[in-house]
Structures are given as structure tokens and as C-alpha cells.
Amino acid sequence: ENTVLTKKYDVPNLLLGDEPILKNVEGCEIQWKKGKCLTSAQVTHKQRGKGKNAGQVRTVVKKENKESFFHSFSPPKMP
């Protein structure tokens with residue numbers, strides 16, 4: 001639902017003759033429309049019971065992260 005995605009790099013010595021050092025990185029949080037998220041997927045699989053639950057089948061739903069360009073907008077924290 002975002003109209004613009006932003007990412008900000010803080011490099012204080014960029015215009016000096018020294019080698020540039022990255023100080024901080026900030027990105028925006030992406031507000032995905034329902035069911036349209038490109039960074040994760042819901043995976044469903046069936047599990048069979050063991051022991052006294054033998055023969056019973058249940059469905060398990062997991063949310064798994066996928067490789068995506070959009071992960072770059074939520075970068076890891078800088079030390």
C-alpha cells in the first residue's frame with residue numbers, strides 16, 4: 001500500500017578524500033496488500049499422527065521467508 005519506498009544511507013565523509021565509511025542505513029517498512037507479499041510465502045503440508053493419534057492427519061501452515069529484492073528496504077542494524 002506504500003506509494004514510494006525510501007532508503008537512506010548516512011556517509012559523513014563522502015565528499016572528503018578519505019575512503020567513505022557507512023555510518024547508518026535506514027529503510028521504510030513495506031505495507032503489503034493482503035496476499036501480495038513478495039518476501040514470504042505460506043506453506044501448507046500434512047502431518048500424520050504417531051502413537052495414539054496414528055491414522056489422523058492434520059494440516060500445518062508455516063510462513064517461510066523467500067529471497068527478494070524488497071528485503072533491502074529493511075536492512076540489518078549497524079553496529
Side-chain angles (χ1 to χ4, degrees):
E1 307 241 354
N2 303 52
T3 56
V4 176
L5 299 177
T6 59
K7 190 165 183 181
K8 179 182 170 185
Y9 295 93
D10 188 13
V11 185
N13 63 344
L14 184 62
L15 300 177
L16 301 176
D18 300 338
E19 183 176 338
I21 298 173
L22 184 63
K23 183 177 178 184
N24 192 20
V25 179
E26 294 178 13
C28 66
E29 184 176 335
I30 299 175
Q31 302 295 322
W32 295 100
K33 291 185 179 182
K34 187 172 182 171
K36 301 292 183 181
C37 183
L38 299 175
T39 59
S40 63
Q42 283 191 346
V43 178
T44 60
H45 65 278
K46 295 181 180 180
Q47 277 187 343
R48 293 198 173 136
K50 296 179 182 178
K52 67 178 180 178
N53 296 329
Q56 294 180 348
V57 178
R58 66 177 181 158
T59 304
V60 177
V61 179
K62 280 187 175 180
K63 185 177 179 182
E64 290 185 354
N65 286 336
K66 298 190 304 186
E67 241 182 78
S68 175
F69 157 78
F70 295 102
H71 285 299
S72 67
F73 287 97
S74 54
K77 300 293 180 192
M78 297 294 289

Distance, nearest 0.5 Å, that separates OG of Ser68 from CZ of Phe73:
9.5 Å
Audit row: Lys8, Thr6, side chain to side chain contact (heavy atoms under 4.5 Å, CB included) steps and yes/no:
CA-CA 7 Å; Lys8 179 182 170 185; Thr6 59; over 6 Å; no
Gap separating the CD atom of Gln56 from the NZ atom of Lys50, nearest 0.5 angstrom:
14.5 Å
What pair of heavy atoms forms the shortest contact from Ser40 to Asn65, and how long is it?
CB-OD1, 3.9 Å
Least distance between heavy atoms, Glu29 atom then Asn2 atom
O-ND2, 3.2 Å
Between CD on residue Glu1 and CD1 on residue Ile30, distance to nearest 0.5 Å:
12.5 Å
Any side-chain heavy-atom pair from Lys66 and Glu64 closer than 4.5 angstrom?
no
Beyond-backbone contact of Phe69 with Leu38, side-chain heavy atoms, under 4.5 angstrom
no
Counterpart residues, side chain to side chain donor-acceptor pair (under 3.5 Å), relative to Arg48 (two or more places apart)
none
Got more than 12 heavy atoms from elsewhere within 6.0 Å of CG, Leu16?
yes
Partners of Lys52 by side-chain contact (heavy atoms from CB on, under 4.5 Å), sequence neighbours excluded?
none
Can you list everything that forms a side chain to side chain donor-acceptor pair (under 3.5 Å) with Lys7? Sequence neighbours excluded, please.
Tyr9
Report the C-alpha separation of Asn13 and Val11 in whole Å, then their side-chain angles, then the decisive distance to 0.1 Å, and conclude whether the side chain to side chain contact (heavy atoms under 4.5 Å, CB included) test is met.
CA-CA 6 Å; Asn13 63 344; Val11 185; 3.9 Å; yes
